[in-house]
Amino acid sequence: MADEKEKALTKEWKPTDKEKALRDRVYDRKQAMEDAKHRQDAKKVWTKGRDQWEAMRKEPYSEDDWQSNHYVPLTTAIIETAVSEVIDQSPKPIILPRGFEDTPKATIMEHVFKYSWEISQSDLATEEIIRDAFTCGTAIGQEYYYRDKRLIKKPGKDGNYEEEEMVDYDDVLLEPVKLEDFYVDETARGFFGTYAARDCIRRYIMDIDSFRQFFKGPVWDPFGHAGLVRPGGDTNYYEKYHPPEGIDHKNQVEVLWYYSVKPDDWLLIVANDVLQYADGIPYKHKQLPFARAIDVRRTHQFYGKGEAELLESIQDEANLFRRMVIDRNHLDIDKMFYGTNILNLSDEDTIARPHGFVGVPVGSEIKPVEYADIPRSVELSLKHLEDDATIVSGINPRAQALPTSGTATEAAILKESTLKRIRLKVRRYEREFLTRIAMLRVSNMLQYYSQPKLEKIVGEEGSLQFQNQMADMEKRGLIVRQDKDIFRKRYRDIRLEGKEARIEQGEPKIVDSNSQYSFFELEPEYFFPNKGGYDISFVAGSSLPISKPLMQSKAQEMFDRLIKIAVELNIYDPAKLGDMLLRINDFNPADFKPDQAVKSEEEARLETQIDLANYENRLIMGGKPVPPTPLVSPIHTNVHVKFTESPVFQELPPNDPRITVMTDHIMGELASQAERGGMGQQEALMKGSMRATESPNTAGGANSELGDLLAGKIQGGEQVRVEQPAI
């Protein structure tokens with residue numbers, strides 16, 4: 001039989017010794033992980049926990065089965081209360097720099113993280129993960145970069161349809177992983193520390209057509225084995241693969257993604273006994289791309305204990321008591337009767353049931369069976385069960401559903417006193433799960449967001465606007481030339497809400513905006529850290545936050561108390577207080593601001609040229625040779641001249657090569673402007689620039705002359721922004 005199996009398997013695929021060894025490693029590790037005692041014990045609880053949360057009622061045995069199958073939704077209520085409180089806290093990470101120079105970039109990265117969290121719908125994923133943790137004790141989330149593509153048909157020129165690839169999603173993603181589809185190192189106690197997981201496996205059950213579409217191409221099918229994978233449950237075909245139960249063996253395949261960080265770096269993909277992919281983990285962080293969330297920690301174990309397991313015996317007893325009480329009420333409404341015993345009645349006929357009949361001596365009166373009231377002890381027993389549930393879980397869902405009175409502060413104190421246990425769970429969730437997810441996501445964004453897409457540049461090459469844009473992009477290294485075509489490196493746009501990003505002294509800065517939304521092209525130099533990465537932290541409060549309506553009430557109280565002080569004593573800004581009140585009530589403060597005049601096209605063009613000049617000043621001071629920029633206005637050149645009068649430039653040694661670069665840059669731009677006309681102004685500028693660059697001791701003489709010449713041409717006069725480079 002072994003020969004037949006090997007012959008069937010190797011009929012089309014003849015693996016090398018290394019390929020076979022890697023394939024066998026995946027199945028051997030899966031078997032060891034699956035057979036681990038901790039996983040087997042935890043697996044028994046997962047199904048029970050889900051049934052308790054579902055409040056699964058058993059179906060009646062027959063139509064005559066009148067006994068109650070009522071299920072007390074105790075577990076559901078406690079889990080949903082806990083989930084709602086954790087979600088209401090909405091914990092978000094803070095991106096911290098590892099060096100002072102990365103502080104502006106960390107601010108940008110925090111906004112980028114927030115935007116990625118929104119577009120990937122990670123809040124919905126975390127809700128599922130939190131619910132899994134409370135229900136089963138443990139939940140697993142995978143953080144990775146996902147590109148979802150499919151083929152669509154479009155009408156062609158000849159009337160036939162042409163297939164075209166369409167990308168539905170192309171970004172970072174947090175995905176909940178079903179516990180039954182996740183296998184972890186049997187010796188692991190977590191993903192961090194001396195007992196961190198060395199390897200793990202995620203299992204996918206895929207339709208064969210979906211499998212071949214996903215693995216089509218050189219990225220995930222470098223060996224060309226995707227066409228050899230076939231579905232089926234024929235055990236005589238496989239060597240190591242054992243077709244699992246519960247799948248459609250005619251149309252589905254089992255795909256195992258094996259990740260290893262110790263003792264070696266591997267990502268191995270095996271589909272129904274065929275090695276599909278073998279290479280290192282593709283992410284630069286080189287970590288297992290998974291994170292664990294736990295409800296109640298079991299010391300020295302990977303799997304935790306959930307609320308459902310804590311409530312199991314209480315749930316069973318509550319169901320039993322409530323069903324007996326309901327059955328008693330059924331019998332009281334639809335009574336049994338006493339009657340003659342001359343009938344041939346079996347024992348089953350005399351079992352208590354609605355409208356049942358119990359035989360008595362002949363001559364006795366036929367009358368209904370009366371029951372006494374339910375004892376007080378039954379009600380007390382049910383109350384004790386509810387108390388036990390509150391004691392073991394620390395959550396009273398009934399108390400949380402009751403309305404609260406008093407101020408917002410009083411409500412927060414009440415919530416803190418009733419949900420102390422949940423606060424511990426929230427902190428553990430932040431520290432263990434969200435921190436790891438944030439670290440993985442930030443690393444993936446640094447890796448993939450820095451990869452640009454190329455867009456072909458089309459425009460009138462002779463126009464001034466085209467030349468200025470090309471010069472700007474050339475300076476920023478965004479131009480790629482292939483043969484006769486010119487392409488621009490295009491990075492993804494990030495949406496900012498109520499904010500806008502500005503580049504000041506070559507560094508990004510987030511400021512308040514009058515517009516509801518703004519967009520910012522995420523070039524690598526604005527978010528890629530100098531220290532290699534960022535640190536992740538969470539704000540840890542002493543209590544859970546109050547609800548949104550109570551927060552609005554608290555904000556209103558604060559506004560009423562501070563607005564008078566702000567107006568009379570000028571200690572606080574009334575406008576900022578008003579903005580705070582509008583934001584907490586879900587309004588955009590920009591909608592209530594007075595309308596402002598829109599910048600003219602000329603002002604926008606001048607501002608662009610000033611920013612470009614400041615950027616060139618920074619490059620020159622960094623020691624880079626920057627040639628003159630063609631087709632710029634005198635305003636642009638004047639920024640360079642003004643900069644030569646700054647203390648930073650004046651302190652340079654007389655023989656410093658940066659003085660020569662700056663002089664050549666200014667003179668070249670002046671010569672270009674002189675050729676286009678305006679000789680009188682250009683001569684004055686040239687005199688001023690020569691005085692500014694000839695000698696540090698005599699440069700001050702140009703200040704008044706240049707100021708007289710150009711102050712009236714720039715809005716603001718002497719208030720024109722001249723930025724200093726960061727040395």
Practice task
Only counting residues at least two apart or in another chain, list the ones meeting side-chain contact (heavy atoms from CB on, under 4.5 Å) with Ala226.
Solution key: Phe211, Phe215, Asp221, Gln276
Handout entry: Flag, side chain of Ser210 to backbone of Met206, donor-acceptor distance under 3.5 Å
Key = no
Problem - side-chain contact (heavy atoms from CB on, under 4.5 Å), paired with Val270, selected from Val255, Val229, Val26 - result: Val26
Problem - Set of residues satisfying ring-ring contact (aromatic ring centres under 6.0 Å, His included) with respect to Tyr448, sequence neighbours excluded - result: Tyr145
Problem - side chain to side chain contact (heavy atoms under 4.5 Å, CB included) between Ile94 and Leu96, worked out - result: CA-CA 6 Å; Ile94 299 176; Leu96 300 176; 3.6 Å; yes
Handout entry: side chain to side chain contact (heavy atoms under 4.5 Å, CB included) between Ile666 and Thr637, intermediate numbers included
Key = CA-CA 6 Å; Ile666 294 175; Thr637 307; 4.0 Å; yes
Handout entry: Smallest separation among heavy atoms of Asp265 and Gly280, with atom names
Key = OD2-CA, 3.7 Å
Problem - NZ on Lys499 to CG on Asp512, rounded to 0.5 Å - result: 3.5 Å
Practice task
Count the heavy atoms of every other residue, nucleotide or ligand shown that sit under 6.0 Å from CE of Met445, and state whether that count exceeds 12.
Solution key: yes
Problem - Arg502/Glu500 ion pair, N-O < 4.0 Å - result: yes
Completion exercise
Interatomic distance, CE@Met109 vs CG@Asp102, rounded to 0.5 Å, equals 11.5 Å
Practice task
Using a strict 4.0 Å threshold on nitrogen-to-oxygen distance, state whether Lys178 and Glu128 make a salt bridge.
Solution key: no
Handout entry: Side-chain heavy-atom pair Phe649, Met621 within 4.5 angstrom cut-off
Key = yes
Handout entry: Polar side chain donor-acceptor pair, Thr435 to Glu430, under 3.5 angstrom
Key = no
Completion exercise
Partner of Phe290 under ring-ring contact (aromatic ring centres under 6.0 Å, His included), picked from Tyr283, Tyr259, Phe433, is Tyr259
Practice task
Apply side chain to side chain contact (heavy atoms under 4.5 Å, CB included) to Ile201 and Phe182, showing your working.
Solution key: CA-CA 6 Å; Ile201 295 175; Phe182 182 76; over 6 Å; no
Handout entry: Sub-4.5 Å side-chain heavy-atom contact between Phe527 and Ser450
Key = yes
Practice task
Search all heavy atoms of Glu497 against all heavy atoms of Tyr517 and return the closest pair with its distance.
Solution key: CG-CE2, 3.8 Å
Practice task
Identify whether the distance between the nearest side-chain nitrogen and carboxylate oxygen of Lys262 and Asp199 falls below 4.0 Å.
Solution key: no
Practice task
For the residue pair Thr629 and Ser672, establish whether any side-chain heavy-atom pair is separated by less than 4.5 Å.
Solution key: no
Problem - Least distance between heavy atoms, Ile140 atom then Ile129 atom - result: O-CG1, 4.3 Å
Exercise for the section: Please find out if less than 6.0 Å separates the ring center of Tyr277 from that of Phe223. Expected result: no
Handout entry: Candidate list Val177, Leu173, Ile437, test side-chain contact (heavy atoms from CB on, under 4.5 Å), partner Gln142, passing option
Key = Val177
Problem - Side chain to side chain, Val167 and Asp170, heavy atoms closer than 4.5 Å - result: yes
Handout entry: Glu175 and Tyr144 side chains, donor-acceptor separation under 3.5 Å
Key = yes
Problem - Under the side-chain hydrogen bond (donor to acceptor under 3.5 Å, both in side chains) test, residues paired with Arg436 that sit two or more places apart - result: none
Problem - Point-to-point distance, once rounded to the nearest 0.5 Å, from CG of Leu174 to CG of Asp123 - result: 10.0 Å
Handout entry: Short side-chain donor-acceptor distance under 3.5 Å, His285 and Gln447
Key = no
Completion exercise
Heavy-atom nearest pair, Ala197 first then Val184, reads CB-CG2, 3.8 Å
Exercise for the section: Inspect the contact between Arg202 and Asp181 and indicate whether a charged nitrogen and a carboxylate oxygen are less than 4.0 angstrom apart. Expected result: no
Handout entry: SB check Lys154 Glu162 (cutoff 4.0 Å)
Key = no
Practice task
Check whether any side-chain N or O of Glu143 sits under 3.5 Å from a backbone N or O of Ala291 as a donor-acceptor pair, and report yes or no.
Solution key: no
Handout entry: Contact check, side chains of Leu446 and Val442, non-hydrogen atoms, under 4.5 Å
Key = yes
Completion exercise
d(Leu496 CG, Lys114 NZ) to nearest 0.5 Å is 9.0 Å
Handout entry: Any side-chain heavy-atom pair of Glu669 and Glu616 under 4.5 Å
Key = yes
Handout entry: Note: Arg147-Asp171 ion pair, threshold 4.0 Å (strictly below)
Key = no
Handout entry: NZ/Lys216: more than 12 non-hydrogen atoms of other groups inside 6.0 Å
Key = no
Practice task
For residues Trp257 and Trp266, establish whether the separation of their ring centroids is below 6.0 Å.
Solution key: no
Problem - Lys642 side, atom NZ; Asn638 side, atom CG - distance, nearest 0.5 Å - result: 6.0 Å
Problem - Geometric cation-pi criterion, Arg492 with Tyr449: 6.0 Å, 45° - result: yes
Exercise for the section: Answer yes or no: is there a donor N or O on one side and an acceptor on the other, between the side chain of Lys153 and the main chain of Glu164, under 3.5 Å? Expected result: no
Practice task
For the pair Tyr258 and Ile269, evaluate side chain to side chain contact (heavy atoms under 4.5 Å, CB included) and give the outcome as yes or no after the intermediate values.
Solution key: CA-CA 6 Å; Tyr258 172 81; Ile269 303 177; over 6 Å; no
Handout entry: Sidechain-backbone polar pair: Asp656 side chain, Arg658 backbone, donor-acceptor under 3.5 Å
Key = yes
Handout entry: N-O pairing of Lys149 and Asp168 below 4.0 Å
Key = no
Handout entry: More than 12 heavy atoms from other groups under 6.0 Å of OH on Tyr169
Key = yes
Handout entry: Ser122 and Arg441: side chain donor to acceptor below 3.5 Å
Key = yes
Practice task
Please report the shortest heavy-atom distance between Ala438 and Phe113, naming the atom on each side.
Solution key: CA-CE1, 3.8 Å
Practice task
Would you indicate whether Arg431, at its atom CZ, is surrounded by more than 12 heavy atoms from other residues, nucleotides or ligands within a distance under 6.0 Å?
Solution key: no
Handout entry: His665 side chain vs Val626 backbone, donor-acceptor pair below 3.5 Å
Key = yes
Problem - Short N-O contact, Glu127 and Arg131, less than 4.0 angstrom - result: yes
Problem - Leu288 vs Val261 side-chain heavy atoms within contact, under 4.5 Å - result: yes
Practice task
Please report the closest heavy-atom contact between Thr644 and Gln650, naming both atoms and the distance.
Solution key: O-NE2, 2.7 Å
Exercise for the section: Keeping the roles fixed (side chain from Lys105, backbone from Phe528), state whether a donor-acceptor pair exists under 3.5 Å. Expected result: yes
Completion exercise
CD1 (Ile510) and NE2 (His111) are apart, to the nearest 0.5 Å, by 5.0 Å
Problem - Side chain proximity check, Phe520 to Ile108, heavy atoms < 4.5 angstrom - result: yes
